[in-house]
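Please read the structure below before turning to the comments.
Just so we're on the same page: letters track the sequence lines, and every chain starts at 1.
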Amino acid sequence: MTIPALTTPSLPEEETLTVRLGFWRKAIAHRTFLFSGAILLAITLVAIFAPMLAPYDPYAQNIAMRLKPPFWHDANVAEHLLGTDQLGRDYLSRLIYGARISMTIAIGATLMSAIIGITLGLVAGYFGGWIDTAISTIITTRLSMPIILIALAVVALIGPSLQVVIVVLGLLLWDQFAVVTRVATQQVAARDYVTAARVLGSSLAHILFREILPNIRAPLMVVATVEMAHAVLLEAALSFLGLGVQAPLPSWGLMLSEAKTSMFFSPWLIVLPGACLFILALAINLVGDALRDLTAGGRG
Amino acid sequence: MMEIRKFSRILGLCAALGASTAMAVPAYAGPEDQSITLGMGEDFPTLDGYINTARDGVVITMHIYDMLIYRNPKTFEYEPLLATSWERIDDRTIEFKLREGVTFHDGSPLTAEDVAFTYNYWADPANGARSQGSVSWIERAEVVDDYTVRVIAKGAAPAALEFVAGSLPIYPSDYFQSVGPEEFGQKPIGAGPYKVESFGDGLVKLVAYEGYYEGGAKRTPSIKTINWRIIPDTATRIAEVISGGVDWVWNIPSDQVEQLQAVPTLDVALASTLRIAMVALDAAGRTGADNPLTDVRVRQAVNHAIDRETIVANLVGGDGEILNAPCHPVQFGCDQSAAVIYEYNPEKAKELLAEAGYADGFSLKLGSYRDRSRAEAVQSYLAAIGINAELEMLQASASFSSWREGKVGAWYGDWGSFSLADSSASLGTMFDGSSNDGARDETVIQLIKEAGSVMDPEERKAKYAEAIRIITEKAYWVPMHTIVMGYAYTNALDFEPTLDELPRFYDASWK
Amino acid sequence: MLSFLLKRATMAVVVMVNVSIICFVLSNVAYDPAIGIAGAQATDEDLALIRQTYGLDRPLLVRYGEYIGNIAQGDFGVSYLTKRPVLDMIVERLPVTALLAILSMALALAIALPLGSAAALWPDTIIDRLAQLLAVAGQAIPNFWAGLLLIVLFGVQLRWLPISGSESVAHFVLPSITLGTFAMPPLIRLIRAGMIEVLASDYIRTAKAMGIRPFQITFKYALKNAVLPVVSLSAVQLGFMLGGSIVVESIFALNGVGYLAWQSMSRSDMPVIQAIVLLISLIYIVLTLLADLLNAYMDPRLRSARK
Amino acid sequence: MLLQVRDLKVTLQDQGQRLRAVRGVDLDLAAGETLCVVGESGCGKSMTALALMQLLPRGAELSSSKLQFDGIELSKLSRHKLSALRGRRISMIFQEPMTALNPVFTIGDQLRAVYRRHTGVSSAEAQARAIEVLESVGLTNAELRMKQFPHQLSGGLRQRVLIAMALMCEPEMIICDEPTTALDATTQAQILRILKEAQSARKMGMLFITHDLGVVARIADRVAVMYAGRIVEHGSRAAVLRSPAHPYTKGLIASVPRPQDGGTGSKRLASIPGNVPAFHHEDPRCPFLSRCPKRMSICTREAPPVRQTEAGQQVACHLPLDAQEALTA
C-alpha cells in the first residue's frame, strides 16, 4: 500500500524522541523563527485585542465619507488613518477585525483537522492490518479531491457562514496530519518502551496519547503551521468568491471582493487586505520552516 | 536518455512562449474596420428573443430581429418598421400592412405567413415563452393576404402595441420549423439590421446584414461588426474598458462612473431609466408561513428604517429619484400621489417592531445583485433597528430566481418593465399573483386584472391608483428609487444613452 | 512491474468509487434535487410529482446504482438551468481549463527547474536565498490577490496584456502567472533539495573525476536524477491546478470548467457541480497513475524491480 | 618523476571549526610504480587522494608548495584545463562501486561519454573502444553489459566497469581510493589482479589508498604509512613491512592476525590503545605522540626529524635508529 510519498519530515533518532527545554534555547537563536514568530504573535494580539485597538466600529457606515484615501494620499482624512471603504466604514478597524476572523478560522479549522487527522493516523499506524488499509484508502480519496472545489460545493449547499467555513475546512485539511502521524506512529510503536507499556497492560488510550503522541509532537507542529496558512488562504478564497464569510463581517478575502469594482481608482482597497493575508500566511509559513529546521534537523 | 539539445529546446520553448505573447495586440480592432467590442454582463443560454428576455437579451433581440412597429425612444411614439401601417379594426383586432421586399438574413422573403406563424407559435404557453405577460393577450393571428395580417386579442388589450413594438420579434417560419426552437436559439435567422456570425464561448459576433431594407425606423448601421463579449464580473468589465480591451460597457455602479470620468480616453454617462429599485418583502410568507414579514407593522417598520435620501444622494447618483409607488412615474397609471409615504424614522421603526412583538429584532435573508454597496447600506440600516439581514449577493438571474422561489425574505432587486411605459408592465407583472408577487393580495390582483382589460384610460388610472394605495398601505414593498444606468465608452464613439435603457448600436458610429 | 501497476490500478478504482459516493451523497442527501428540477414557484404537489417521475423516492442504493450506470455511459444528467447535458457543457469548456493548467505548469517548471538547480549549485548565495524566498513567499501569496494586482498593473496601467476572455494565447499569460505562482513553491523546494542530494552523490563525483564538463554534469547527469520526484509532484500539482482554476477563471473571465463550476455553485445547479467535482477528481487520479508510470519509465530501477 | 607532492595541507569546515585533515604530506610517484598509502580510517589518506584530483568537498581549503604532475603544477590549472586532464591523464576510482555509477544511464552511455568528452570521436568509435576496455578488465559479453543499467550488475562487475571507465583514455596515472574494501575476498583478489595487469600493460603510475596491509603486501612497490594527517614512515615495501621503524607502523603490523601464531587464534589480538586524534590547529610534533608506547620527553617538545634507516626507508621519529628491536611476539 503506497500512499503518495509527500514530503513527511524525517525522524532521526534522538532529536524527536525527547523535545527538551533545549528546544526553546535553540529556537530563540534561530533568526527566522524569532522574526516570523514575532509577526505571528503581533497579529494574534491584534486579533485578540481588536475591540481595544480598532479606532471605530468596523460595521458603522458613514455613506457621506465614502472611499476616502489613506494617510499617504494627499486627499486623506485625518481621523481615518487608512481611509474608508465603499460604505464609509473605517478601513483600519475592518482590517484589525479581519485579523480576528482569519485567526479564528485558521486556528479553528486547524484544530479540528488536527483532531481528525491525528486520531486517524494513530489508529492506522498503531493497529495496521485492514484498519490501516481502510484509513489509507480514505486518505488517498481525500487527496484526490481538490479542496477548494469541495469546499465551495459544500458551502454553496449548506449556505455560507463563518461557522460553516470553519467546519468545512476542518473536514478537509486533516490529510497531512494523518499521513505524518501514521508514519511516525508506526516507527514509534515498534520501539521497546511502547511494547513495554503494552506488556504492563496499560490501556490503549494511554499508549496512544501518553506514549506515542508526545513523541511525535515536533513534526505535527510543523504540519499544523502549514495547514494553518492553508486555512487562512482557503477562507480568503472562499470569501472572495462570495461563498465564505458573508457581509458585513470584515474578512480580508471578502474585503478584497467588495473592493474589486473600485480597485482601479482606489487601489489601496485591494492592496491592504491582500498584504495582510500575505503577511499572515508568510509569517505562519516561516514559523513552520523554522520549526522544521529546529526539530527534524532537516536541511533548510 | 535526454539529450542536452532536447532539454535546452524545452527551456527555450517556455521562454519564447512567455516573450512572444508579452506584446500581443488585443484581438479586436476598433474604428479602423468599423467594428465595436462591447463588454456585456449577462450570460445567454440562447439567442431566442422569446426565451432570452433578460435586459441584455432584449437589447440583442432588437439588433438581430425586427418587430412589426418601432417605439421612438425619445417620443415613445410608434413608428413603422416591418409594418408600414396598422389600424384597430375593433376592441380586440389590429390589422397590420407589411412592407414589401423585406428579406430575412438567409435571403428568404418576409411575408404575413411568417408573422402569423410567429405570433401563433409563441401565444401557446406550452412553447415556453419566458415572459408570458407579453404573449398571453394574443388569441390568434390571421393571414389576410401576403402582406396583410390581423392580430386578434383574447380581450381588450390596451398595452398590445407596447408588446408588439417591444417584445415580439418576427421569425422565419420555414427555417424555424426545420431546425426547431432549440437549434434556432443557437443559430438564429431574423430580419434585423445585424445577422449572427458566431455564438459561443463568451462571445456573440454580429455582422451588419447587407440586405437590410431602407425606410424603416432603424437606420442602416454604420458600425459593420459587433463583438458582443460576455464579461459577467463588473471589475473585469471596468478594467477592459479602461485598458481598451472593449469599447463600450454599461451596468457600471454610479460611484465608479464618476471616477471613470477622469480617464481621458473615455466618455461616461449616468442616464435615468424606466427601471425601478425596491426591497420586495415576503408578505405572503413564502419563506415560512409565520415569518415576521407577514405582519404589516414589521413591513412598515422596514419602510421607516431605510434612509432612502442618503442612498439616492450618495449611492445612486445621476438624476436618480426616490420612489413612493411600485412603478415608474413616466409609466401610464403610475400615480405617485396615491401612495402612502414612509419617512426615514428609525425610532418609529423600533416602536412598530416592538408593537409587533419583535422588540429584540429577528433575522432574515436579504437577496440582491446589481450593486453591493447599496445592498450593504440597506443591510446596515436594517441592523440599526435590530433586523439581522444575511446578505446573499449573486448573479442577476440567480438572485431573481431566489426571490421567485421564495428563498429570500427580502429582495433588493429592480425591474425594468421591458422598458414599457405602462403600469401594467410594472405593477401589472409584480403583483399579479405570479412568482414575482411577494404579497399575493387578492384584491390587488383583481384590481390589476381589471385595469389590464379595460380600454378607458380614466378607469385604468383609477384602478391602478387604488392598487397603489393598498400596496403602500400594507407596505408589501419598500419602493426605493429609480435606477440610473452607468455607461462608459471610448470617446471616439458617437453614442446616445436612451431612457428606455435599450442601447442602439445601429444608431452609433465612430467619430 | 505488472503487479505494481495492478495494485495502483485497483487503488485508483477504489478511490474513484469513493469519490462517486461522496459526489452522490453531496447532491442527493445534503440537497433535495426535486427543488432543483422544479425550479420556479414549486408547490408541494409539484415536488411530490417530480419525486415520483424522477424516481427520487426510491431507496438511495438503487438510485446510486442508476447514477453509476449513467456515468458509465457518459450521462452526467442535465443542468437545471440550461437543460443541456452536463457532459457537453463541461467538454466544451475543458480545453480552456486544460490549456490554462498546462501553461501554468510549464511556467512554474520553467522557473522552478533553473532556479532550483542554481540554488543547489551555489548554496548560501543570493540565488539560493532568492529561491528560498520565492518558495516561501509564493506559498503565502493569495493567488486571487495576485490576479487582481496583475490586472491592475499589466492590464489596465501598462496595457501590455489582455485582461479577460480566452481568444488568443496572450489571454492566458496573466492567468497562468497567477496559477503558476500557486504551483511553483513546492517545485522549487523539491528540485533544490533533490539537486543538493544528487550533486553530493558518488556518481556525480565519479563524473567529475572522469573529467565530464560541468554543464553536462549539472543539466544531464544530475538533473535527470533530481527531476524524478518532480514528475509525480507535477502530476499532483496539475490536479490541484484544475481545482485552483476555479478562482483564476472567475477573475479573468476565462470560459473554463472552473468558471462553470463557480457559476453553477452560485445557482446551486447541482448536476453540474457534482459532475465537475467527479470529473476533476477522476482526472486527478488518472494523472497520479500516469505520473507513477512515467516515473517508473524514467527510473530504470523501478522499471524492472517489483514495487 | 610522474608525481611530486610537497607539503600538502587540507583543512575542512567541521560545524564551524577548521579541521586539519592533511597536515603537510610529501609524496613521489614514478611511472609504472605502485605507491600504497596505508593508515587507519580518519588519518586523511582519502582526503590526500581527493586533493590531488582537486575534488575536495565544498568549503575545504588546499595548500601545497608543490603539486606537480608530469611537470604541470595542478593547483594553478584553470577549471577547464583541470577537467580536461581528469579522466584523460589522471583517473580515479572509488571505494563504493554500488553508488559510483549513475543509476539512470546505461553503462554504455557513461563509458562513451567519458571517451567522447576527451577525444571527440563518434559514438560508434566510443562504443568499440568501451567494449575493448571492458573486455580487457575481464568482463564477458561486454556488448550486453553496455545496454544494462548499474542496478543490474553486482558490486564486482560495477568496479570493473569503473576501472574500465578510468582506463578509457589510457591515463598516465590512476588513483585508487580503497577500491576493494567494499568487496568480498575473491572479488577483491580479481580486482587487484586486473589493476596490476592494467598498470604493467600501460606503465601507469598507481597511487593505491588502503587500510589493509594484506593488499599492501600484494601489490605495493613502495609504502607510505599515514597517521593523523602526516606520513610517519615511507619506503620500499620490503623495508617498511619487514623492518618497520616507526612505533605506529610496528603497532599496525602487530595488530594483523597471523594464522601461524599457534593456529588456534586463542591469543588476544594486539591493538593500539586510544583512538586517532583530530587536529584543529597547527601542531608540528609527532602525530602518534598521544598513543606512542615509546614516548620520550623530546617528542612532546620538538617535531621529529626525518631519518633514513639501513633498510632504506624514511621515518619521522625521535627514537635513535639503533634502538630498534626486532619485532617482538
Side-chain angles (χ1 to χ4, degrees), chain A residues 1-2 4-7 32 36 136-138 140-150 152-158 226 229-230 232-233 236-238 240-243 252-253 256-257 259-260 263-264 267 270-271 273-275 277-286 288-289 298-300, chain C residues 7-8 11-12 14-16 18-19 22-23 26-27 30-31 132 136-137 139-146 148-149 151-152 156 186 189-190 193 196-197 229 232 236 239-244 246-247 250-251 258 261-262 264-266 268 270 273-274 276-277 280-282 284-285 288 292 307:
Chain A
M1 182 53 58
T2 53
L6 300 182
T7 48
T32 30
S36 48
S136 303
T137 318
I138 299 172
T140 316
T141 312
R142 212 318 279 135
L143 283 174
S144 60
M145 297 173 82
I147 296 183
I148 185 137
L149 216 52
I150 307 294
L152 280 169
V154 171
V155 166
L157 280 174
I158 305 170
V226 170
H230 206 168
V232 165
L233 294 180
L238 291 179
F240 178 76
L241 290 175
L243 288 164
W252 288 336
L256 268 174
S257 166
K260 256 192 340 184
M263 67 183 177
F264 308 101
I270 60 162
V271 168
L277 274 171
F278 172 63
I279 291 164
L280 176 59
L282 186 66
I284 299 175
N285 277 336
L286 286 174
D289 284 357
R299 278 186 303 285
Chain C
K7 192 181 286 186
R8 290 298 300 192
M11 179 66 177
V14 166
V15 167
M16 278 188 212
N18 294 349
V19 167
I22 293 171
C23 285
L26 206 63
S27 62
Y31 171 85
Q132 288 179 357
V136 170
Q139 239 165 344
I141 293 181
N143 55 19
F144 50 92
W145 181 47
L148 291 182
L149 295 180
I151 288 181
V152 170
V156 173
R189 285 184 178 194
L190 188 66
I196 287 176
E197 205 178 317
S232 33
V236 170
F240 282 158
M241 279 220 250
L242 289 176
I246 190 169
V247 173
S250 57
I251 294 174
W262 182 60
S264 12
M265 276 169 201
S266 50
S268 38
M270 261 340 284
I273 299 172
Q274 171 193 324
I276 290 178
V277 168
I280 289 197
S281 305
L282 298 197
Y284 177 82
I285 294 166
T288 345
D292 285 348
K307 191 145 190 169

Heavy-atom closest contact (C:M11 atom, A:T137 atom, distance): CE-CA, 4.0 Å
Chain A interface, residue from C:S232, C:G258, C:C23, C:A137 that has the most non-hydrogen pairs under 4.5 Å: C:A137
Qualifying residues under side chain to side chain donor-acceptor pair (under 3.5 Å), relative to C:N18, sequence neighbours excluded: A:T141
Atom group of C:V14 that falls short of 4.5 Å from chain A, counting heavy atoms: side chain
Set of side chain to side chain donor-acceptor pair (under 3.5 Å) partners for C:Q139, sequence neighbours left out: none
Heavy-atom proximity to chain C below 4.5 Å, by part of A:L243: side chain
Chain C contact via A:I279 - side chain, backbone, both or neither, heavy atoms under 4.5 Å: neither
Structural part of C:V277 lying under 4.5 Å from a heavy atom of chain A: both
C:S250, part contacting chain A, at a heavy-atom distance under 4.5 Å: side chain
Pick from C:V247, C:L148, C:I246, C:V152 with the largest number of heavy-atom pairs that fall under 4.5 Å of chain A: C:L148
Nearest atoms (heavy-atom pairs only) where C:I251 meets A:F240: CG1-CE2, 3.7 Å
Chain C contacts, top residue of A:A275, A:G253, A:P273, A:S257 (heavy-atom pairs, under 4.5 Å): A:A275
Chain C contact via A:A229 - side chain, backbone, both or neither, heavy atoms under 4.5 Å: neither
A:L277 side, atom CG; C:F144 side, atom CZ - distance, nearest 0.5 Å: 5.5 Å
Check: C:N143 and A:L233 side chains under 4.5 Å, non-hydrogen atoms: no
Of A:I138, A:T140, A:L143, the residue whose pairing with C:V15 passes side chain to side chain contact (heavy atoms under 4.5 Å, CB included): A:T140
Which atom of A:I148 lies closest to which atom of C:G244, heavy atoms considered: CG2-N, 4.1 Å
Chain C contact via A:V155 - which portion, at a heavy-atom distance below 4.5 Å: neither
Contact summary for C:I151 and A:F264, nearest pair of heavy atoms: CG2-CE2, 4.5 Å
Region of C:I273 in contact with chain A, defined by heavy-atom distances below 4.5 Å: side chain
C:I22 portion near chain A, given a 4.5 angstrom heavy-atom threshold: side chain
Top contributor to chain C contacts, counting heavy-atom pairs under 4.5 Å, from A:A281, A:S144, A:A237, A:P146: A:S144
